[in-house]
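Numbering starts at 1 and runs along the sequence shown.
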Amino acid sequence: MSELSFYDQGALVGVLTAQPLDRMLDYKAPEGGCMTGAFVEVPLGPRKVLGVVWGPGKGDYDRAKIRSVIRVLDAPPMRDEMRQFLLRVGEYTLTPISAMLRLATRAPGLGDPPSMRKVYRLGVGTPDRDTAARRRVLETLQEYGGLAFTLRELAEMAGVSSSVVKGLVKQGVVREEDSPRDLPYPHLDADFGGVDLAPDQQKAGQQLVARVASGSYGTTLLKGVTGSGKTEVYLEAVAECLRKGRQALVLLPEIALSAEFLNRVQDRFGARPAEWHSGVTMTERRRCWRMVGEGAAQLVVGARSALYLPFRDLGLIVVDEEHDTSYKQEDGVLYSARDMAVMRASICAAQVVLASATPSLESWVNAQSGKYELCELTSRYGAAQMPDMAAIDMRAETLPASRWISDTLRRAVQTRIEAGEQSLIFLNRRGYAPVTICRACGHQIGCDNCDARMVEHRFLKRLVCHQCGETKPMPMVCPSCEVEGKLAPVGPGVERLSEEVAELFPDARVAVLSSDLFGSARALKEQILAIAQGSADIIIGTQLVAKGHNFPLLTLVGVIDADLGLQGSDLRAAERTFQLMRQVAGRAGRTEKKGVALLQTYQPEHPVIRAILSGDEDGFWRAEANERKAVGVPPYGRLAGIVLSSTSVQEAFDLGAEMARNIGPLAQIGAQIYGPAAAPIARIRGRHRVRLLVKAEKGAPLQAALAKWVAQFKIPNTTRLQIDIDPQSFY
Ligand code: ADP
Ligand code: ZN
């Protein structure tokens with residue numbers, strides 16, 4: 001890493017841009033000079049692009065042709081810590097630095113001058129009429145002293161409509177002003193609120209607080225069943241971080257989670273944190289990026305890409321539901337946000353808290369070996385208990401065709417309806433039916449671009465490919481034999497299940513929660529809140545509901561097909577099924593009433609199903625760990641997935657075969673290679689896919705060897721090569 005230095009006007013500086021060039025370009029420092037790390041605008045051909053001053057220029061280019069930096073942007077320079085982080089993630093994931101830089105500058109208009117917007121603060125005088133709503137607005141403003149808020153913030157905090165605020169503006173009681181758009185976030189008070197922690201929560205909280213107070217790096221696995229109060233505990237760590245004047249980041253797997261979460265932050269710290277995820281508007285993104293860099297955002301709640309925000313002094317990263325597969329980015333830069341959180345924290349002397357009821361096997365092993373500290377909550381908070389779990393043996397249930405709810409499950413749901421309690425019927429399949437078949441010729445409707453079946457979505461009135469998103473209307477005649485009226489759905493999706501539920505329980509209020517049924521994250525949030533307040537008797541849901549939502553009235557969880565995840569040869573099939581089933585079951589009985597989880601299965605004696613039912617988690621992890629150890633796969637060995645995709649199947653296979661024949665650099669580190677083989681999904685978006693798998697011992701320098709190996713081959717323009725370090729899925 002280069003020294004921090006200042007370059008006078010005209011000095012040569014090396015600038016990295018987010019353009020796919022992958023080398024530094026020399027420029028002359030502009031008038032007024034610039035610092036290492038400065039965000040700059042530079043000319044590149046006919047364009048102006050964003051760049052970062054990375055160090056001194058190389059000077060190996062005709063000096064007369066070197067152009068000048070256009071201007072230095074009005075943003076804090078990229079910190080040394082951040083540049084190190086980007087380089088290390090790039091090295092680890094074999095990603096070019098330009099792509100890393102793109103990840104770190106994903107906010108619109110970074111170079112724009114600050115624009116203005118309306119804000120509201122306390123004026124003078126008293127309102128003509130004194131209403132409760134008006135009083136709440138004034139109290140909110142008084143509580144925060146001289147601070148100003150946007151209309152939305154103020155209305156939300158006071159719990160009034162914006163017209164109430166506008167009414168007060170007319171009378172001058174509230175003042176409307178123009179202010180730069182990128183406002184600092186409201187101050188979070190570490191000691192604003194908080195609950196009295198139960199004894200084991202207190203102990204865990206103290207442990208985390210001490211680690212945050214140490215000001216050094218460390219990772220803690222915070223393990224506890226759903227509802228054990230992990231969130232309350234890690235908010236204590238956040239509080240300590242705020243007290244120390246450092247910034248905190250909480251990563252969550254799903255935006256849908258944050259509605260409830262933001263309320264909890266507000267209760268605990270008196271105001272809302274900054275948000276960073278795909279549901280945030282462009283102006284908010286810009287505000288967040290800039291304020292984080294200026295230290296004017298104390299806490300960010302976000303999705304995985306929030307890791308690349310330019311924190312001024314990051315002291316804590318919480319990764320909630322750390323086992324969640326959405327932390328692995330599966331396109332573009334392939335990285336695991338959980339693992340990269342640990343990397344970032346180790347560079348900037350921050351603490352990491354990994355929270356989960358069902359940790360990933362990787363984290364469980366790291367906690368066992370002492371690499372991570374383990375902090376455990378063993379019971380549910382208060383009176384809540386883990387639900388009773390039982391299997392429904394579907395071999396004994398003799399269901400008629402196209403029926404999926406067993407009589408045992410039906411009776412259990414009926415009892416809940418009569419008691420005024422909620423039931424969740426869980427099926428991890430979106431849409432109406434996974435397969436559409438022609439009864440005349442047996443043809444199954446597939447996607448034109450992918451090696452995948454089209455899934456019928458009745459709600460959308462279309463067939464949808466879950467691989468590429470392609471949709472088409474349901475055809476009237478079979479595309480193969482052209483016979484009319486013979487196309488039939490096979491198998492259930494949540495939409496079809498809702499029909500069966502409506503027949504079985506005609507008077508019940510039913511809600512279907514599936515990610516594709518909501519136009520916006522906001523609509524989904526509202527639906528979830530309504531359900532939590534009792535707007536439905538039966539919830540039919542995909543894995544969207546497995547995560548973190550609190551439904552206090554929910555006492556029964558019925559899993560339609562507990563065997564679903566056990567099919568397939570995925571390395572993590574057992575682990576995933578175990579986690580998902582325990583998570584879903586954990587939705588039941590979050591308050592005083594004990595819950596029940598019923599798992600419909602055709603193989604009740606399967607070891608994974610038995611482990612789920614018995615609740616012997618450590619036994620399950622130990623057995624799973626031993627199996628992986630025996631075959632040398634993660635976390636006991638290292639894997640890299642190579643995907644070659646091409647419009648020509650021959651080209652992809654030929655290149656794959658050539659790569660498998662010439663493994664020199666890989667052989668040197670003792671790595672083995674498997675493949676080439678057609679990928680499980682052999683075609684996506686018209687591109688044929690061929691996979692290779694590289695396996696190495698745990699300590700082997702895999703990335704360096706891979707880089708050397710790949711560099712030996714000429715990749716045709718029509719072929720794309722993707723390397724996935726620590727692959728999570730093998731599609
Ligand atoms: P987890 O994150 O482990 O799933 P939560 O922190 O969400 O658990 O806690 C579950 C429920 O119990 C929440 O509604 C939370 O507000 C409540 N709760 C947890 N700890 C306490 C406490 N010490 N006092 C009051 N309520 C608590
Ligand atoms: Zn497709």
Salt-bridge criterion met for [X] and [Y] (N-O under 4.0 Å):
X	Y	value
Glu373	Arg211	yes
Glu575	Arg628	yes
Glu153	Arg287	yes
Asp726	Lys328	no
Arg304	Asp324	no
Glu236	Arg268	yes
Lys223	Glu617	yes
Arg152	Glu156	yes

query = OG1 of Thr36 to CZ of Arg83: how many Å apart, nearest 0.5 Å?
reply =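 Rounded to the nearest 0.5 Å, the OG1-CZ separation comes out at 6.0 Å.
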
key: Gap between atom CD1 of Ile612 and atom OG1 of Thr577 - 0.5 Å precision   = 6.5 Å

Does the side chain of [X] reach to within under 4.5 Å of the side chain of [Y], using non-hydrogen atoms?
X	Y	value
Trp276	Val292	no
Thr220	Val352	no
Leu262	Glu275	yes
Val15	Met24	no
Glu294	Pro76	yes
Leu154	Met157	no

ask   = Are Thr325 and Gln728 linked by a side-chain donor-acceptor pair shorter than 3.5 Å?
value =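 Side chains of Thr325 and Gln728: no pair found under 3.5 Å.
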
key: Any donor-acceptor N or O pair under 3.5 Å, side chains Ser363, Glu322   = yes

message = Would you say the rings of Phe39 and Trp289 are close, in the sense that their centroids are separated by under 6.0 Å?
response = yes

query = Are the ring centres of Phe269 and Phe192 closer than 6.0 Å?
reply = no

task = Tell me, please, whether Phe85 has Arg344 positioned over its six-membered ring: NZ or CZ under 6.0 Å from the ring centre and within 45 degrees of its axis?
result = yes

ask   = Has the side chain of Glu91 got a donor or acceptor atom that lies under 3.5 Å from a matching backbone atom of Arg88?
value = no

query = Does atom CD of Glu697 have more than 12 heavy-atom neighbours from other groups under 6.0 Å away?
reply =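 No.
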
